[in-house]
J.: 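Sharing a structure with you now.
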Amino acid sequence: MQTYHTLAEWRDYRRRLAAGLTLGFVPTMGSLHAGHLQLVRRARAENALVVVSIFVNPTQFGETEDFECYPRDLARDLEALHGLADVVFCPTADMIYPLGSSTCVEVAGISDMLLGAIRPGHFRGVATVVTKFLNLIQADRAYFGLKDYQQLQSIRRLVADLFMPTEIIALPTVREPDGLAMSSRNQRLSASERAAAVIIPKALEYAKVSTLSDPDRFEEAVRAFLAREPLAQVASVDVRDADTLEEISPMTKCAVLLLAVRFGTVLLIDQAELFLG
Ligand code: AMP
């Protein structure tokens, strides 16, 4: 396994790759867990070579958000990737955003709604960094988690809109034994917050067996379910069309429930596809 810290090293490797070898790419912010490793294993199974990037992207964090205290442990991440990845690419912020760089990518519509309204500028940062990495890596396939559903949909949109040749592949959420979605941010929960956070998967289960005829009442019922947990501060509960993320309509084929819930200072998100009854 090679570890590259500079764009020049990566570009040199990419230039020397034999034509016809497929490349799978898994972008991450590090602090790897089984959710990330599932993406890497799938990339391993489907491609000749696997590249994982580790980059905590400053532009997707708001001023009051957790960029500084976002967990980082490169040595542990490299150990986890040993035998799974061919290349780990971990550039610095100065390399990805060199002095004078001024181009941003904005997926209009998707980026300001839902989690974008709670985290202004977040999706512009995500779209910009993902565009930079997809351009640098030139992968055949790139792998993303369904947990970050709005992120996934905005990446699908930008790849289509900008005619990028990389195929986007989405994989289901890997969960802790009690159902909480694995997330690097879970480490920042206190013991009581961690115990309380199980209300999120419970609310998803509750929603999955409820009937969705009136979206407003449905969202209200999910909010009330989450409110049973005193440590849960509900940031948003939304039922949307799974393809467009617009409000559901008679055209909706598949709906998705998107949750964002704070425990102390930690914002956790999760999602579930819903049966349209
Ligand atoms: P992050 O390091 O949080 O930026 O995540 C990198 C990728 O891993 C994104 O595509 C996430 O959606 C995905 N991911 C994060 N957590 C999980 C999980 N629990 N299950 C599946 N994929 C995940």
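Every number for a ligand or one of its atoms is a count from 1 in the order of the listing. Counting from 1, the numbers follow the sequence of the chain as shown. Keep in mind it's a predicted model, so treat the numbers as computed, not measured.
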J.: May I ask you to identify, for P27, whether its side chain, its backbone, both or neither come under 4.0 Å of ligand 1 on a heavy-atom basis?
T.: backbone

J.: Consider ligand 1: state whether an atom of it lies below 4.0 angstrom from any non-hydrogen atom of S31.
T.: no

J.: Any chance the side chains of Q38 and R41 put a donor and an acceptor closer than 3.5 Å?
T.: no

J.: Whether the N57 and Y97 side chains hold a donor-acceptor pair (N or O, under 3.5 Å, no angle test) is what I'd like checked.
T.: yes

J.: Looking only at distances, please establish whether an N/O atom of ligand 1 is found under 3.5 Å from an N/O atom of S184.
T.: no

J.: Does ligand 1 have an atom that lies less than 4.0 angstrom from a heavy atom of L171?
T.: no

J.: If we count only N and O atoms by modelled type, under 3.5 Å, do the side chains of Y13 and D86 hold a donor and an acceptor together?
T.: no

J.: Could you tell me if the side chain of V88 sits less than 4.5 Å from the side chain of M1, heavy atoms only?
T.: yes

J.: Let me know which of Q60, H36, R72 forms a side-chain contact (heavy atoms from CB on, under 4.5 Å) with M29.
T.: Q60

J.: Considering heavy atoms of the protein only, find what lies nearest to atom 17 (C) of ligand 1 and give residue, atom and distance to 0.1 Å.
T.: H33 CE1, 3.7 Å

J.: Any heavy atom of A34 sitting closer than 4.0 Å to ligand 1?
T.: no

J.: How far is atom 5 (O) of ligand 1 from the closest protein heavy atom, and which atom is that?
T.: H36 NE2, 3.4 Å

J.: Is R228 positioned over the aromatic face of F225, cation under 6.0 angstrom from the ring centre and no more than 45 degrees off axis?
T.: yes

J.: Which atoms of ligand 1 are found less than 4.0 Å from any heavy atom of T173?
T.: 19 (N), 20 (N), 21 (C)

J.: Is the closest side-chain donor-acceptor distance between S192 and S190 under 3.5 Å?
T.: yes

J.: Regarding atom 21 (C) of ligand 1: of the candidates A170, P172, G30, which has the closest heavy atom?
T.: P172

J.: Would you say ligand 1 has an N or O under 3.5 Å from any N or O of M182?
T.: yes

J.: Judged by non-hydrogen atoms, does R175 sit under 4.0 Å from ligand 1?
T.: no

